[in-house]
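These notes are about the structure you will find just below.
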Amino acid sequence: MNNQGRPTTPAAIAANGNAPETMSGSKALNQVEKLIFEVGTPQNTGVDLPAPKGGASRLGAHARQGEIGLPGLSEPETMRHYVRLSQQNYAIDLGVYPLGSCTMKHNPRLNEKIARMPGFADVHPLQPVQTKQGALEVMYDLSHWLMTLCNMPAVALTPKAGAHGELCGMMAIRARLDADGETHRRRVLVPESAHGTNPATAVQCGFNVDEIPANDKGRVDMTALRAKLAEKSDDIAGIMLTNPNTCGLFENDIIEIADLIHQAGGYFYCDGANFNALVGRVRPGDLGVDAMHINLHKTFSTPHGGGGPGSGPTVLSDALKDYAPVPYVVKSDNGFDLVEHVEGEAAASFGRMCAFHGNMGMYTRALSYMMSHGSDGLKQATEDAVLNANYVQASLSDVMTTAFDGTCMHEALFDDRFLKDTGVETLDFAKAMIDEGYHPMTMYFPLVVHGAMLIEPTESESKQELDRFIRSMRHLAAKAKAGESEMFKAAPIHAPLRRLDETRAARKPVLRWTPPEDLLDAAE
Amino acid sequence: MRYLPLSDQNRSEMLAKIGVSHIDDLFQDVPESARLNGLIDLPNHQSEAAVERYFANLSAKSTAAGSGPFFCGAGAYRHHIPASVDHLIQRSEFLTAYTPYQPEISQGTLQTLFEFQTQVALLTGMDVANASMYDGSTACAEAVVMAKRVTRKKKAILAPGLHPHYAAATQTLASTLDIDINERGCRPGRDDNVIDHIDDDTACVVVQSPNVFGEIIDLAPIAEKAHAHKALLIAVFTEPVALAAITPPGHQGADIVVGEGQGLGVGLNFGGPHVGLFACRQKLVRQMPGRVCGETVDANGDRGFVLTLSTREQHIRREKATSNICTNSGLCCLAFTIHMTLLGDAGIQHMAALNHENACDLADRLSAIDGVELVNDTFFNEFTLKLNRPAVQVVDALVDKGVIGGVPLSRLTGGDDDGLLLVCATETNLPEDIAAYEAALKEVLS
């Protein structure tokens with residue numbers, strides 16, 4: 001999730017006094033690297049191809065004329081370019097990446113190896129079905145694991161990310177309502193602590209959003225919910241609820257919420273972004289859930305890759321399963337097959353969500369992760385994730401302010417009361433963590449907490465690593481309270497760049513490279 | 001368990017610090033009726049070797065495209081990907097990073113996104129591009145929704161040559177948004193007719209070129225008519241390499257260009273992950289869905305990059321966002337941009353020429369066989385054959401002869417099989433592959 005808040009502009013800061021300037025601009029391992037457009041030329045290339053034989057063109061009158069303007073680089077130049085750039089990135093493999101709600105856990109390399117096996121990576125989605133049985137079997141097996149872990153009777157694999165899974169679940173709800181002639185049910189309840197994708201998804205499915213408040217324990221305010229439903233419920237399509245919620249807390253009234261929504265004639269969409277707190281210990285199907293997406297790129301370790309690709313399989317209840325999107329895999333005596341069109345057994349399907357069968361590359365990785373852990377390991381991973389978060393919370397609660405009392409699930413939520421009157425804000429605190437060698441936690445989200453700091457360590461962190469992280473956090477909290485706000489305002493000073501001017505980027509967007517004026521002039 | 005660092009001793013020490021005696025105490029908020037006793041009925045943990053063997057056996061049950069003569073396209077294309085691409089995208093710093101929310105420690109991802117956006121803009125002939133979508137079909141659907149926002153009109157015309165899966169994905173997204181989809185049956189040779197359907201109520205007309213049959217479409221007259229009625233032309237492509245060979249849609253008046261980038265850098269992957277490309281005119285940029293990277297400076301005045309225009313997005317605008325998209329296709333767009341960097345102008349035009357040559361050679365040989373007719377007037381690297389019997393039968397018979405011969409149109413439409421077969425050749429096809437196809441098809445049809 002992005003939790004960054006609106007664009008910020010750094011205060012004017014004198015030139016970095018900590019490090020002497022160098023002729024090259026590079027600083028030891030931190031190499032300056034220009035854009036490819038500034039180093040490559042359209043004549044250079046890093047590939048060798050056989051010479052074209054030359055022959056009649058069948059392009060008609062549409063052959064492309066002139067240069068495209070794409071610079072090329074030889075292979076060694078290409079390697080340098082991307083390796084230098086890579087070294088300006090923080091990564092899970094480098095250190096603690098405690099982004100709340102993002103589940104930045106270790107990405108096992110076995111999964112990478114398996115995803116690249118030719119029978120999965122080098123198979124075309126439209127090959128004849130008899131030539132892709134192994135790939136379909138992976139999808140079938142993955143479905144079995146996901147349905148079993150969730151105690152749900154169906155799963156739609158095709159959604160390509162969490163938000164796409166939300167769309168899948170809400171489309172299924174809408175299709176069911178429409179099939180029942182309940183086309184007047186268009187109101188969706190969404191807690192104010194919800195991920196931004198929830199209301200955006202509801203609107204994208206043609207629903208209206210009605211916010212429900214949180215109580216002082218960080219959960220759904222049941223009094224408000226009951227009142228809302230008592231006032232009017234014949235237009236209720238359903239509720240979108242994250243569990244554990246974005247405050248890192250289990251919604252302990254969740255079964256009652258599900259019952260209330262069902263009694264009102266609506267459906268329960270559960271945002272599964274935080275499923276990592278539940279796998280092997282709680283099954284969403286036992287909570288009254290009708291639809292829930294699962295972020296394979298969070299809970300089941302497929303790499304985040306700097307922003308995707310993700311994968312958002314969506315489990316569906318008996319009430320919704322006939323409305324699942326095509327295509328999906330079925331097993332028969334002759335092996336596996338795909339149901340690809342809205343007809344026959346799929347006649348109630350709400351349709352197709354993407355060109356092919358979703359993100360196969362994530363299915364292989366996620367199934368490899370699940371089989372490696374097994375039923376016992378998945379439960380242990382869940383317990384360790386919850387244990388790690390509570391350990392961080394317990395180790396920081398005397399110097400930072402926890403947003404809510406009691407233990408948490410897989411993420412610990414702090415607010416900014418401990419920074420009151422220090423002149424340091426959540427953003428500054430986060431930037432100072434960068435100098436300590438950490439990726440900041442999720443900040444300013446959820447919106448129900450002032451200056452929120454949401455820390456999700458995941459089960460991948462050792463106690464040693466957590467103890468080191470905790471020492472840094474305690475050190476920073478002490479510094480803030482000691483009045484060293486200037487240090488925070490200047491941070492980060494050890495990163496490849498100082499704070500970026502986001503306001504400027506948004507005001508006059510420069511979204512692509514263009515040749516400098518002098519080059520343009522010369523070309524004329 | 002090899003992925004879990006905590007020891008039992010760690011666990012007890014940590015529980016003590018928290019002040020609880022047992023891990024179950026941390027799950028006390030779970031209603032009693034939903035608490036599980038014992039393990040879920042699934043196999044227990046396995047070694048790396050055991051898991052690897054399981055998957056190796058399954059992998060062997062599919063026919064890899066690279067293992068023989070292979071001629072499928074229709075939205076996913078097999079090209080040679082230089083070895084350095086896969087090496088670079090597996091660097092930890094790219095592979096295991098999140099979306100670049102903290103720009104000071106994410107310049108690697110951000111600069112590559114900026115370069116990616118520029119490459120996409122150049123290839124499509126457009127002003128700007130975003131930082132990718134899930135795939136070409138979802139990019140197409142989002143473009144139609146965007147056209148409604150821009151024009152405040154709700155009629156969308158889908159050309160008959162639009163990939164049926166793209167049309168279906170668009171129909172799904174549009175179905176709940178009060179957009180009228182004006183879709184024509186997917187048949188060859190009818191794309192020009194869309195001009196007759198454009199009127200003042202039209203928000204957008206969606207035309208694929210090369211279209212699903214491989215035919216190259218003259219977009220300029222369609223753009224002209226659309227603009228006369230204050231409608232947008234959304235140009236679609238499924239094969240990025242084609243844009244190196246043909247006049248890009250941006251030079252023909254397209255307002256939004258969307259397509260699939262998988263052909264460059266990203267393998268077939270059985271349909272995903274792929275990478276959706278999305279480009280538009282500068283004046284439409286604030287209505288664009290998805291993440292966008294922009295240039296700025298840091299506090300020292302040094303050039304840097306950030307995610308920008310986020311006030312369009314769901315995490316700020318919530319129910320008023322331009323789209324619910326959050327995660328995109330980051331690592332695939334990295335693969336795309338590295339492959340493009342290795343190719344450069346010279347390399348991609350060369351690669352495109354080889355694709356076209358192979359396709360011309362294949363089309364000539366196959367259409368000379370009795371019972372085979374070439375449907376296309378023009379094409380780049382894929383074309384449509386009309387066979388004198390159902391295409392599914394022919395494709396199945398070809399499989400028995402070791403040739404994967406293409407995609408029957410009926411596979412895409414769900415309609416009757418009238419012998420239309422979509423065939424694709426790329427630079428990865430060797431002369432002996434083409435000869436094998438020719439010989440096998442002759443036998444099958446004889």
Side-chain angles (χ1 to χ4, degrees), chain A residues 2 10 13 42 45-46 52 60 70 72 85-86 88-93 114 117-119 122-126 131 134 160-161 163 196 199-201 203 206 250 252 286 305-310 341 351-352 355-356 359-360 374-375 377 391 394 462-463 495 497-498 500 505 510-513, chain B residues 1 5 10 14 18 29 34 39 42 44-45 55 58-59 61-64 72 88 92-93 96-97 99 103-105 107-109 118 128 134 137 165 168 172 176 246 270-273 294-296 298-299 304 308 314-315 318-319 321 324 326-327 329-331 342 344-345 347 353 378 407 414:
Chain A
N2 186 357
I13 293 167
T45 184
L70 297 164
L85 288 181
S86 75
Q88 298 178 26
N89 264 7
Y90 197 83
I92 308 169
D93 287 348
I114 284 169
M117 288 179 174
D122 194 25
V123 178
H124 192 285
L126 301 170
T131 68
K160 288 192 164 255
T201 299
V203 168
F250 197 95
N252 38 8
D286 298 338
H341 300 285
R352 175 179 281 276
F356 302 116
N359 284 348
M360 178 69 183
S375 186
Y391 182 66
S462 68
K463 180 170 178 295
L497 287 182
R498 305 293 294 273
L500 279 296
V510 178
L511 307 182
R512 62 173 285 186
W513 178 83
Chain B
M1 215 289 116
N10 291 151
M14 292 163 79
I18 296 162
D29 286 329
L39 294 176
L42 287 164
N44 277 345
H45 69 276
F55 280 98
L58 286 186
S59 174
K61 287 193 200 173
S62 296
T63 309
C72 292
L88 284 168
S92 291
E93 301 89 334
T96 76
T99 303
E104 298 86 354
I105 47 173
Q107 285 300 305
T109 296
T118 308
V128 289
Y134 306 135
S137 68
H165 289 179
T172 301
T176 52
I246 65 173
F270 196 45
E295 183 182 317
T296 187
D298 76 352
T308 189
Q314 46 76 25
H315 58 281
R318 299 177 76 84
E319 67 268 22
N324 76 341
C326 184
T327 297
S329 204
L331 206 66
L342 283 160
D345 225 300
T378 59
V407 180

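All chains are named by letter (A, B, ...) in the order of the sequence lines, taking the proteins before the strands, and each is independently numbered beginning at 1. Model, not experiment: these values are computed from the prediction.
Expressed to the nearest 0.5 Å, how far CG of A:N359 lies from OH of B:Y134 amounts to 10.0 Å.
Taking 4.5 Å as the limit, some side-chain heavy atom of B:H165 sits within range of a side-chain heavy atom of A:R352. Between B:E104 and A:L500, some side-chain heavy-atom pair lies under the 4.5 Å cut-off. Put simply, the side chain of A:I92 does not reach to within 4.5 Å of the side chain of B:E93, judged on heavy atoms.
Ranking A:G377, A:G134, A:S462, A:A161 against chain B, the residue ahead of the rest is A:G134, based on heavy-atom pairs under 4.5 Å. By number of non-hydrogen pairs under 4.5 angstrom with chain B, the leading residue of A:G307, A:A91, A:A495 is A:G307. Of the listed residues (A:G206, A:A505, A:P118, A:A394), the one with the most heavy-atom contacts under 4.5 Å to chain B is A:A505. If you tally non-hydrogen atom pairs under 4.5 Å between each of A:G305, A:G72, A:G46 and chain B, the highest count goes to A:G305. For the set B:A64, B:G347, B:P273, the count of heavy-atom pairs under 4.5 angstrom toward chain A peaks at B:P273. The residue among B:L39, B:L88, B:I105, B:T308 with the most heavy atom pairs within less than 4.5 Å of chain A is B:I105. By number of non-hydrogen pairs under 4.5 angstrom with chain A, the leading residue of B:G344, B:G330, B:A97 is B:A97. The greatest number of non-hydrogen atom pairs below 4.5 Å with chain B, out of A:D93, A:N252, A:D286, is found for A:D93. With chain A as partner, the option from B:V407, B:T99, B:D29, B:T109 having the largest number of non-hydrogen pairs under 4.5 angstrom is B:D29. Ranked by non-hydrogen atom pairs under 4.5 Å with chain B, the options A:I114, A:L497, A:D122, A:V203 are led by A:D122.
Looking at B:M1, only its side chain comes within 4.5 Å of chain A, counting heavy atoms on both sides. Proximity to chain A (any heavy atom under 4.5 Å) is restricted, for B:A353, to the side chain, taken from C-beta onward. When heavy atoms are compared at a cutoff of 4.5 Å, A:L511 approaches chain B by way of both its backbone and its side chain.
A donor-acceptor pair under 3.5 Å is absent between the side-chain atoms of A:T131 and the main chain of B:T63, judged by distance alone. Remark: side-chain polar atoms of A:S86 are not paired, donor with acceptor, to backbone N or O of B:S92 under 3.5 angstrom. Not one N or O on the side chain of B:D345 forms a donor-acceptor pair closer than 3.5 Å with the backbone of A:P42. Side-chain atoms of B:N44 do not come within 3.5 Å of backbone N or O of A:G374 as any donor-acceptor pair.
When the shell of 6.0 Å around NE2 of B:H45 is examined, it contains 12 or fewer heavy atoms from other residues, nucleotides or ligands.
Considering every non-hydrogen atom in both B:L42 and A:S375, the closest pair reads O-CB, 3.3 Å. When all heavy atoms of B:S59 and A:G119 are compared, the pair lying nearest together is OG-N, 2.8 Å.
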Start with the C-alpha distance between B:S62 and A:V123, add both sets of side-chain angles, then the distance that settles side chain to side chain contact (heavy atoms under 4.5 Å, CB included), and finish with yes or no.
CA-CA 7 Å; B:S62 296; A:V123 178; 4.1 Å; yes
